[in-house]
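Bear in mind the structure is a predicted one, so any value in this text is a computation, not a measurement.
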Amino acid sequence: MLYKTRRDLTMNSITVAIIVFLFSVLYLIIRFVDFTPLILFLFLIYLFSIWLALYSIFQIRYRIRDEGLFVQMGPFYSTYHYADMKRIDYTKGLSRLRPVNVHSFMWAVDGIELHFEGQLTKIQLSPERQDEFIQELFNRAPQLACCSIEEQRAKREREEQLQQQEVVMMPHIGGTVKSSKVGRSSGEWLKL
């Protein structure tokens with residue numbers, strides 16, 4: 001099965017900024033630089049780099065095959081075996097600095113992170129049909145069925161429910177307290 005990467009507004013904005021920057025530099029080079037053989041060679045390398053960067057950005061694919069998970073980013077690809085998969089977690093791509101051992105094949109702010117048995121490497125993915133993708137991975141790698149992603153999904157749903165609850169009125173304190181604060185120490189209430 002083929003899954004394309006999911007793109008969101010933040011990463012689309014970054015893509016547009018990258019494209020505008022690359023082509024503005026290209027315009028400045030064409031407009032103001034006298035082409036000598038060395039400059040022409042460097043210009044061709046720059047054109048190839050632009051092509052490689054854009055091809056890598058727009059050609060991110062995940063294929064679930066019988067032999068493993070095939071991940072492609074432009075002309076680069078890797079295969080990850082189902083037997084080596086240990087755990088799936090949700091991840092935020094831009095929320096923290098990415099360690100060296102995390103390979104990111106996503107073009108969205110949030111996605112999933114696959115951990116592997118016996119390897120330090122983790123990969124980050126952001127498939128379009130994420131729930132279907134995860135279910136397909138559960139079918140191919142049964143050891144993932146009891147992983148932490150279900151706990152994280154339940155925790156996220158609980159946090160969303162708490163945020164949607166109404167504000168609780170505290171007339172004897174003289175203010176309002178959000179329902180997520182109810183049940184905490186009274187010292188926190190008095191600060192309101």
Atom pairs and distances, donor-acceptor, side-chain atoms in residues 26-37, under 3.5 Å, two or more places apart:
unit_1 : atom_1 : unit_2 : atom_2 : d
T36    : OG1    : I39    : N      : 3.4

* Is the backbone of F138 close enough, under 3.5 Å, to the side chain of E136 for a donor and an acceptor to pair up by distance? -> no
* Do other residues, nucleotides or ligands put more than 12 heavy atoms under 6.0 Å from Y55 OH? -> yes
* To do: Give the intermediate values and the outcome of side-chain contact (heavy atoms from CB on, under 4.5 Å) for residues Q135 and D131.
  => CA-CA 6 Å; Q135 191 59 44; D131 291 335; over 6 Å; no
* Structure fact -> Using a 4.5 Å side-chain heavy-atom cut-off and chaining through intermediate ILVMFWY residues, the residues clustered with V16 come out as V20
* Asked: Where do L114 and L137 land on the side-chain contact (heavy atoms from CB on, under 4.5 Å) test, with the steps shown first?
  -> CA-CA 10 Å; L114 285 172; L137 282 180; 4.1 Å; yes
* Asked: Do F76 and L2 share a hydrophobic cluster, counting only Ile, Leu, Val, Met, Phe, Trp and Tyr and linking them when any side-chain heavy atoms are less than 4.5 Å apart?
  -> no
* To do: Let me know which of R63, R65, E132 forms a side chain to side chain contact (heavy atoms under 4.5 Å, CB included) with M1.
  => E132
* Closest approach of S126 and D110, non-hydrogen atoms and distance? -> CB-O, 3.9 Å
* Structure fact -> Nearest heavy-atom approach of E67 to Y82 is C-CE1, 4.3 Å
* Is there a donor-acceptor contact under 3.5 Å from the side chain of R61 to the main chain of F70? -> no
* Verify same cluster id: F21, I14 (apolar side-chain graph, 4.5 Å) -> yes
* Non-hydrogen atoms of Q59 and R7 that approach each other most closely -> N-NH2, 4.4 Å
* Answer yes if V25 and I18 sit in the same cluster of Ile, Leu, Val, Met, Phe, Trp and Tyr residues linked by side chain heavy atoms under 4.5 Å apart, and no otherwise. => yes
* To do: State plainly whether one hydrophobic cluster holds both F23 and Y46, where clusters connect Ile, Leu, Val, Met, Phe, Trp and Tyr through side-chain heavy atoms under 4.5 angstrom apart.
  => yes
* Kindly give the heavy-atom pair with the smallest separation between T5 and E128, and that separation in Å. => O-CG, 3.7 Å
* Asked: Linking I/L/V/M/F/W/Y whenever their side-chain heavy atoms sit closer than 4.5 Å, directly or via other members, would I50 and L52 fall into one cluster?
  -> no
* Structure fact -> Correct closest heavy-atom pair for H81 and F116 would be O-CE2, 4.4 Å
